[in-house]
Every structure is written in C-alpha cells, then in structure tokens.
Amino acid sequence: MSEELLINISPMESRVAVLDNGVLGEIYIERHHKLGLVGNIYLGTVVRVLPGMQAAFVDIGQSRTAFLHVNDMQREPRPVAEKKNKAQDSTNNERTIIDAATDELAITPLVFSAQSTEVVPVTKTLIQHRLHESQRILVQVTKDQLGSKGARLTTNISLPSRYLVYLPSSEHIGISQRIDGDEERTRLKTELASLMQTVNLKGGLIARTAAERVPVDKLEEDIYYLLQLWRTICARRQEMKPNQSSELIYQELSLPLRSIRDLVHADTEKVVIDNAQIYEQVRYFAKEFVPFVYDRIVHYTAEQSLFDVHRVEDDLRDALKRRVDLKSGGYLIIDQTEAMTTIDVNTGSFVGARSLEDTVYKTNLEATHAIARQLRLRNLGGIIILDFIDMLEQQHKDDILESLQAQLTQDYAKTKITQVSELGLVEMTRKRTRESLGQQLCEPCSTCQGRGFVKTAETVCFEIFREIMRCARTYNSPKKFTVVAHAAVIDLLLTSESDTVADLEYLLGRVITFDVENLYTQEQYDIVLD
C-alpha cells in the first residue's frame with residue numbers, strides 16, 4: 001500500500017491529509033486560534049475534589065476546568081535505587097514536582113534527581129487522600145475538550161519521540177502491538193533495557209511501531225533527546241511563580257511536525273507541503289529526527305489548491321454526509337449521537353445475481369471496507385453499533401467479522417470488536433482522543449436545533465389555528481388577527497387550508513390576515529392582535 005501526506009497551510013488553519021493509494025484515509029485539522037491540547041503538560045491547580053466520583057477538577061488555564069480521575073494517577077510505588085544512602089540523596093539536589101510551599105504531597109508526587117532523572121511515585125488509594133483544593137499538580141492532557149466536557153487529564157506523564165515514548169513515572173518497557181515477530185520484540189526489549197542502564201535513565205519506555213528494525217544507535221539518540229526534554233520540563237516547573245494558578249510547561253509539536261513524527265513510515269512515498277516556511281521547518285525536523293523521509297519532502301508551488309488537485313475537498317464534503325454510497329449500489333447510514341454512533345448497512349440498488357444470501361453477504365463484505373475507512377476519516381470514537389444486513393450462514397458472519405478486523409489493522413486508534421449479537425448487531429469501541437470531523441467542522445442546525453428534522457408546514461398551520469382559538473378565548477378586544485410566519489406556511493394557509501381559515505373567521509367573527517417574514521424558520525410564527 002502506497003501512502004502520501006499532504007500538508008495544507010493557510011493563515012487560519014493547518015490541515016494534513018493521509019492518502020492511501022490516492023484515496024483520502026485520514027484528515028487532521030488544527031485551527032490556529034484553537035490549537036489541540038492533547039500531549040500538553042500543565043502545572044494546574046486543583047479546583048474541586050469529588051470523593052463520590054473519585055475524581056477532581058483541575059484549572060489548567062482553559063475555558064473549562066479539566067477532569068482528572070483517580071485511575072489516571074500513578075499507583076505502584078518504586079524504591080529509589082534501594083534508597084541509596086540518605087545522606088548522599090539529601091545533597092543530590094532532589095526536587096519534588098509539587099508546590100514547595102506546602103508540606104502535603106500532590107497525588108503520587110514525582111521526585112526528580114538532576115543526575116539520574118529518577119522519578120518515584122508515592123501511592124495512596126483514595127483521591128481525597130492524594131489531592132486537596134488549591135493544590136498545584138503536574139498533569140498531561142489525554143483528551144481534548146469535547147462538547148461541554150472539559151479536557152481529560154493524567155498524572156502519568158508520557159513524552160513521545162520518533163521511535164520511543166518515555167514514561168518518567170513507570171518502570172515498564174513495552175513494545176507496540178503492531179510490531180510482529182517474537183525475535184524483533186525481544187531484540188527491542190533487550191536493547192532498550194541495556195540503553196537505559198548505559199545512560200542512567202530512570203523510568204519506562206515504550207517502543208513505537210516506527211522502532212521496528214531500527215538500529216540501536218537511533219534508539220540511543222531518541223533516549224538522549226527524551227532525557228533532555230524531561231530535564232527541561234522539570235527545570236521549567238521549578239521556574240514557576242508561586243502566585244500562578246496554572247502554566248503551560250510543555251507544548252506538543254505543531255500539526256505539520258507532529259504528522260512527520262507520528263504518521264510517516266516506510267510506505268510513505270511523498271510528503272507534499274504547499275507553504276515555503278513550513279516546508280523548511282519540516283525538512284529541518286525530518287533531517288534531525290526522520291532522515292529517511294528527508295528526500296521525499298516536496299514543496300508544492302502550483303496555483304491550483306493542493307487539496308483540490310487530490311480531490312480532498314470533495315472527500316471532506318462527502319465525509320460530513322449522513323449517507324455513504326458503496327460501489328455495488330448499497331449504502332451506509334451513519335448517525336452520531338451523544339451516547340454512541342450507529343452505522344446501518346443497506347443493499348440499496350444492489351440486487352445480486354445468485355441468491356438473497358449471496359447479495360447480503362457481498363454487500364456486508366464491501367461495507368466492512370467502507371466502515372473502517374469512515375471511522376478513520378470521520379474520527380468516530382466511543383461506542384459504535386454496526387447493523388449489518390441479517391445473514392443466515394454462520395460462515396458468512398465469521399467472514400464479515402474477520403474482514404472488519406483486518407481492515408481495522410490500518411487504524412492508528414485502538415479498537416475492540418464483539419461477536420455478532422442475537423439481534424444481528426456488532427458492537428465495537430474505538431478510542432477517542434479528539435473531536436470527530438463533524439464536531440470540528442459543524443455545529444447544531446439553528447433551525448432544527450440538532451434534531452435533524454423540522455415540523456412540516458401543515459403541522460405548523462394546525463398549531464397556528466389552535467393558537468388563534470386560544471387567543472380568541474383569552475382576549476375579547478381584538479377585531480383582527482395577523483399571522484406572521486414563514487413563506488411556505490403562509491402559502492399553505494392561503495391555498496390548501498384556505499377553507500379552514502374561512503371557517504375559523506366565521507366561527508370567531510374576526511378577520512384573519514397573513515404576513516410573510518423571510519427571516520423566520522418554518523417552525524416560527526407570531527399571532528399579532530389588532
């Protein structure tokens with residue numbers, strides 16, 4: 001599979017499109033006035049502790065307080081190098097990453113040694129034993145603000161590089177699940193353990209997918225980079241002023257640089273950038289951290305928009321539609337709600353050639369490819385319910401699940417799929433760290449308020465009739481009623497419902513006139529008493 005990265009820069013936003021064999025697979029958007037928070041590290045202030053929820057709200061300087069759950073805190077204690085003689089430790093310039101002005105330790109506080117960068121979590125059980133209001137705490141954002149919910153936080157700091165992720169408060173050495181082969185996994189684990197001893201790096205490491213078959217000298221370079229980054233973060237923490245309620249300690253890379261670090265791999269044929277300044281920044285970054293892609297970076301200078309040339313804008317418009325057409329004639333209906341996302345598979349105009357079971361099977365099989373692509377493209381997360389067309393043969397059901405699982409291996413987000421339920425539904429989850437494409441680009445309709453439908457003109461006419469009768473019973477003085485409404489409603493009142501209007505005038509003994517207001521929605525109307 002060939003892959004291209006398209007980086008489009010404008011004064012308002014940065015956009016990165018991932019093309020799989022020329023087809024848009026993923027889209028990342030970062031608006032310059034509203035940068036994403038995921039990966040940022042803050043020194044925040046605890047605003048409120050909720051023992052009943054075992055959680056706390058933390059002020060990190062955003063419009064909404066962020067949410068920290070007890071499960072997102074360090075738990076396991078680790079002895080400090082067998083408690084190397086305490087006298088030496090006391091002169092080792094150890095600094096706790098909490099407010100020095102208070103004697104009460106922040107949640108499993110992090111202890112930093114300038115020589116070894118060793119971090120020691122101290123564990124307690126209940127959140128009220130770990131946190132108190134006005135306490136300052138080092139946290140990292142794991143989920144952006146979604147709708148009315150604030151950002152999600154963790155105290156388990158993680159710092160990513162090209163090949164590795166450094167975990168200052170953990171002793172775990174992990175390997176990406178996407179790296180196959182026991183031999184390669186063993187090699188990475190052995191080499192990382194050896195390198196950590198060599199550079200005296202305390203904490204944990206995770207080898208990212210990009211680390212597969214990477215020589216040890218490259219891994220060592222990453223470790224030194226992460227070591228220096230962590231020391232810089234700790235130094236910035238110490239520079240914080242006591243009267244500051246919150247402060248950004250470390251900011252994640254911008255979208256163009258982050259995409260080079262996280263999205264580029266051996267199958268990436270080209271990285272095309274349409275901005276000269278960002279082109280130079282990306283080339284410099286790639287030369288330092290991702291040298292193999294350096295020669296594949298291209299500066300796009302043509303007049304026609306980069307995204308228009310590759311039909312990305314068209315695919316983006318399609319990705320906001322409720323209906324997704326399949327090549328066979330079938331289609332998907334995708335509905336995103338607060339609780340979950342549902343995807344319904346339909347045969348549409350596809351009638352097949354052999355039997356109904358064969359038609360259903362082929363439609364469902366094609367749908368698995370489309371569903372996997374739409375999940376990535378729209379960045380749908382949380383609980384997802386897939387309503388495939390009912391199949392009779394168990395082998396067909398197994399094939400569908402196997403195909404769906406295979407397609408989801410291309411997804412960077414973690415997914416989990418259940419078996420086909422008794423109702424013929426497939427339940428799955430997909431990790432959600434940022435807003436979906438629809439949430440990023442759209443807002444609830446001002447006419448229907450997000451319902452997805454409006455009252456018919458006929459329904460509004462009947463409401464108007466009832467309101468006129470209510471007003472006539474309540475007020476005796478009016479000699480005339482004037483109905484102000486949308487053009488479609490007024491047209492219906494003057495045509496199909498004209499007999500009803502005449503009967504109502506005769507019954508009430510009052511004149512009813514009509515006035516069109518073009519600024520009204522179809523559901524809006526007013527009754528003016530004259």
Side-chain angles (χ1 to χ4, degrees), residues 1-10 12-31 36 254-275 278-279 282 293 296-300 302 304-328 330-336 341 343 345 366-381 384 386 403-404 406-413 415 430-442:
M1 180 184 69
S2 65
E3 191 172 281
E4 290 183 44
L5 250 65
L6 309 180
I7 301 180
N8 168 242
I9 307 296
S10 71
M12 306 81 67
E13 62 185 1
S14 299
R15 298 186 296 175
V16 175
V18 181
L19 301 187
D20 298 331
N21 295 319
V23 178
L24 181 63
E26 289 182 89
I27 184 76
Y28 297 86
I29 300 173
E30 186 174 78
R31 291 183 171 164
S254 64
L255 178 59
L257 300 185
R258 199 164 66 241
S259 64
I260 299 299
R261 184 192 68 192
D262 297 340
L263 303 178
V264 167
H265 50 78
D267 291 331
T268 303
E269 292 185 347
K270 261 192 315 187
V271 177
V272 186
I273 306 171
D274 64 3
N275 180 280
I278 300 300
Y279 168 73
V282 168
V293 80
R296 307 179 193 179
I297 301 174
V298 179
H299 183 204
Y300 180 81
Q304 189 175 3
S305 168
L306 175 63
F307 274 23
D308 285 340
V309 171
H310 294 84
R311 295 193 71 256
V312 174
E313 301 290 3
D314 293 338
D315 288 340
L316 263 178
R317 280 191 288 271
D318 291 341
L320 297 176
K321 295 178 180 177
R322 185 169 176 252
R323 173 169 168 154
V324 178
D325 291 319
L326 306 178
K327 290 182 180 180
S328 65
Y331 62 91
L332 309 178
I333 296 294
I334 302 177
D335 288 312
Q336 188 177 0
T341 298
I343 302 180
V345 183
E366 184 183 8
T368 61
H369 295 255
I371 288 171
R373 176 175 179 258
Q374 292 298 322
L375 292 180
R376 290 176 60 196
L377 179 57
R378 301 175 185 232
N379 192 34
L380 299 174
I384 301 168
L386 309 178
S403 175
L404 181 62
Q407 296 303 316
L408 290 174
T409 57
Q410 306 296 326
D411 200 333
Y412 289 98
T415 57
R430 185 175 184 270
K431 187 175 181 181
R432 174 169 50 195
T433 58
R434 55 191 174 93
E435 291 180 315
S436 68
L437 186 64
Q439 290 170 328
Q440 278 188 293
L441 304 182
C442 304

Atom pair [atom1] ([X]) and [atom2] ([Y]), whose distance is rounded to the nearest 0.5 Å:
{"X": "E269", "Y": "N21", "atom1": "CD", "atom2": "CG", "result": "8.5 Å"}
{"X": "L404", "Y": "T368", "atom1": "CG", "atom2": "OG1", "result": "6.0 Å"}
{"X": "D274", "Y": "L6", "atom1": "CG", "atom2": "CG", "result": "9.0 Å"}
{"X": "R432", "Y": "Q439", "atom1": "CZ", "atom2": "CD", "result": "7.0 Å"}
{"X": "L5", "Y": "S259", "atom1": "CG", "atom2": "OG", "result": "5.5 Å"}
{"X": "L408", "Y": "R376", "atom1": "CG", "atom2": "CZ", "result": "10.0 Å"}

Checklist line | Option among V16, N379, L377 that satisfies the side chain to side chain contact (heavy atoms under 4.5 Å, CB included) test with I27 | finding: L377

Would you mind reporting whether [Y] and [X] have side-chain heavy atoms less than 4.5 Å apart?
{"X": "L316", "Y": "L320", "answer": "no"}
{"X": "R15", "Y": "S10", "answer": "no"}
{"X": "R373", "Y": "V23", "answer": "yes"}
{"X": "R378", "Y": "V324", "answer": "yes"}
{"X": "V312", "Y": "L19", "answer": "yes"}
{"X": "I29", "Y": "L437", "answer": "yes"}
{"X": "Y28", "Y": "R258", "answer": "no"}
{"X": "L375", "Y": "T415", "answer": "no"}

Minimum heavy-atom distance between [X] and [Y], given as atom pair plus value:
{"X": "Y331", "Y": "D325", "result": "CB-OD1, 3.7 Å"}
{"X": "N275", "Y": "H299", "result": "C-NE2, 3.8 Å"}
{"X": "E3", "Y": "H265", "result": "OE2-NE2, 3.0 Å"}
{"X": "L332", "Y": "A370", "result": "CD1-CB, 3.8 Å"}
{"X": "L255", "Y": "S14", "result": "CD2-O, 3.4 Å"}
{"X": "D335", "Y": "R322", "result": "OD1-NE, 2.6 Å"}

Notebook entry, point to check: Would you say the side-chain atoms of E4 pair up with the backbone N or O of V272, donor to acceptor, closer than 3.5 Å?
Noted result: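 No, the answer is negative, given that no donor and acceptor are paired below the 3.5 Å cut-off.
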
Notebook entry, point to check: Is the backbone N or O of L380 less than 3.5 Å from a side-chain atom of R430, with the two atoms forming a donor-acceptor pair by type?
Noted result: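 Indeed, once roles are kept as given, a pair shorter than 3.5 Å links the two residues.
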
Item checked: R311 and D315 ion-paired at < 4.0 Å -> yes

Check: Do E30 and R434 meet the salt-bridge criterion of a basic N to acidic O distance under 4.0 Å?
Finding: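 Here R434 does not pair with E30 in a salt bridge, since their nearest N and O are not under 4.0 Å apart.
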
Next item on the list: Check step by step if side-chain contact (heavy atoms from CB on, under 4.5 Å) holds for Q374 and T341.
Entry: CA-CA 12 Å; Q374 292 298 322; T341 298; over 6 Å; no

Next item on the list: Evaluate side-chain contact (heavy atoms from CB on, under 4.5 Å) for I7 paired with V271, printing each intermediate quantity in order.
Entry: CA-CA 7 Å; I7 301 180; V271 177; 4.0 Å; yes

Next item on the list: Run the numbers on V282 and L257 for side-chain contact (heavy atoms from CB on, under 4.5 Å), then give the verdict.
Entry: CA-CA 6 Å; V282 168; L257 300 185; 4.1 Å; yes

Notebook entry, point to check: In terms of side-chain heavy atoms, does Q336 have a donor or acceptor partner in S436 at a distance below 3.5 Å?
Noted result: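 Side chains of Q336 and S436: pair found under 3.5 Å.
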
